[in-house]
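Reviewing the structure listed below.
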Amino acid sequence: SDVCSSDLPDLPANDIVHAVTHSKARAVLLGATTRGVVNPAEWETLAGLPESIDLWVGGPQADAARDAGGARFRALVRLEDIAERLERYA
């Protein structure tokens with residue numbers, strides 16, 4: 001699969017990095033449902049993925065999560081935003 005998806009509180013960032021690396025995913029889609037749940041170190045770990053891997057964050061707290069995660073993360077607020085991004089991988 002080209003896209004690896006996860007809700008961060010349920011899966012540590014190191015495990016996501018491992019899965020992305022071994023699956024050769026080109027994008028990671030994270031679900032942000034609760035503000036402030038993720039430790040900043042988790043965001044830093046994910047931001048350390050190669051620049052060739054897109055980092056997307058969706059859900060009700062997407063904007064706040066993107067702000068916490070930094071410039072590498074793109075907030076996808078609407079379902080249409082996700083669909084538009086996924087078209088690049090079809």
List the atom pairs, with distances to 0.1 Å, where a side-chain N or O of residues 68-83 and a protein N or O form a donor-acceptor pair under 3.5 Å, not counting sequence neighbours.
from  : atom 1 : to    : atom 2 : distance (Å)
Arg72 : NH1    : Ala47 : O      : 2.9
Arg72 : NH1    : Leu49 : O      : 2.7
Arg72 : NH2    : Pro50 : O      : 3.1
Arg72 : NH2    : Ile53 : O      : 2.6
Arg78 : NE     : Asp81 : OD1    : 3.3
Arg78 : NH2    : Asp81 : OD1    : 2.7
Asp81 : OD2    : Val77 : N      : 3.2
Asp81 : OD2    : Arg78 : N      : 2.9

Is any side-chain heavy atom of Trp56 closer than 4.5 Å to one of Leu86? yes
Going by side-chain contact (heavy atoms from CB on, under 4.5 Å), name the residues that satisfy it together with Asn14, two or more places apart in sequence or in a different chain. Thr45
Look only at the side chain of Glu42 and the backbone of Ala13, and say whether a donor-acceptor pair between them is shorter than 3.5 Å. yes
The criterion is side chain to side chain donor-acceptor pair (under 3.5 Å); which residues satisfy it with Asp63, sequence neighbours excluded? none
If we only count heavy atoms from C-beta on, is the Leu29 to Arg85 side-chain gap below 4.5 Å? no
Can you name the closest pair of heavy atoms from Leu30 and Val28 and give their distance? CD2-CG1, 3.7 Å
